[in-house]
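Inspection log for the structure reproduced underneath, given as structure tokens.
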Amino acid sequence: MTSQRDRIESLESRVEELEATIRGLTEELVDANQRLRELEADQESTQAEEAKTDESKEEIEEDEGGSDPSDDIIVA
């Protein structure tokens, strides 16, 4: 009977260890998902800023007459 009791205690101990491991891994997974969302949001905002910068550069070039030599007027 003692060996059965020891076995039960051993199994209960192992279950507690596994539950603790699962809790720890779950917390790590939640943290990793949160960090991933933050990184994706940062990347999206960076891409939006770059797009605005590119648009501004294009508008400035258009306002300055562009860099196309065929648009130049030659006065003789």
Side-chain angles (χ1 to χ4, degrees):
M1 192 86 152
T2 303
S3 69
Q4 187 177 15
R5 194 173 298 166
D6 290 342
R7 185 166 185 249
I8 290 172
E9 288 176 7
S10 174
L11 289 172
E12 287 175 345
S13 174
R14 183 69 178 138
V15 167
E16 289 174 4
E17 290 174 7
L18 291 172
E19 287 175 342
T21 300
I22 289 170
R23 278 192 298 275
L25 291 173
T26 301
E27 289 176 13
E28 287 183 29
L29 181 59
V30 168
D31 291 344
N33 281 334
Q34 181 179 2
R35 182 67 182 137
L36 183 59
R37 284 188 208 110
E38 291 171 0
L39 290 172
E40 288 173 344
D42 288 346
Q43 183 179 8
E44 288 173 3
S45 66
T46 301
Q47 288 175 348
E49 289 175 13
E50 289 175 355
K52 287 180 183 178
T53 302
D54 290 344
E55 289 174 7
S56 297
K57 287 180 183 177
E58 289 174 5
E59 289 175 3
I60 291 171
E61 288 177 359
E62 289 174 5
D63 291 344
E64 293 176 349
S67 59
D68 188 0
S70 64
D71 290 340
D72 293 340
I73 298 175
I74 299 174
V75 178

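Count residues from 1 along the sequence.
- Taking CG from Leu11 and CG from Asp6, the interatomic distance works out to 11.0 Å, rounded to the nearest 0.5 Å.
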Just distance, no hydrogens or angles: give the donor-acceptor pairs under 3.5 Å from side chains in residues 37-46, sequence neighbours left out.
unit_1	atom_1	unit_2	atom_2	d
Glu38	OE1	Arg35	NH1	3.4
Ser45	OG	Ala41	O	3.4
Ser45	OG	Asp42	O	2.9
Thr46	OG1	Asp42	O	2.8

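- Applying the side chain to side chain donor-acceptor pair (under 3.5 Å) test to pairs two or more places apart or on separate chains, those with a residue in residues 10-25 are Arg14-Glu17.
- Taking the side chain as every heavy atom from C-beta outward, Leu25 and Leu29 never approach each other to under 4.5 Å.
- When the side-chain contact (heavy atoms from CB on, under 4.5 Å) test is applied to Arg5, the partners found at least two apart in sequence or on another chain are Met1, Glu9.
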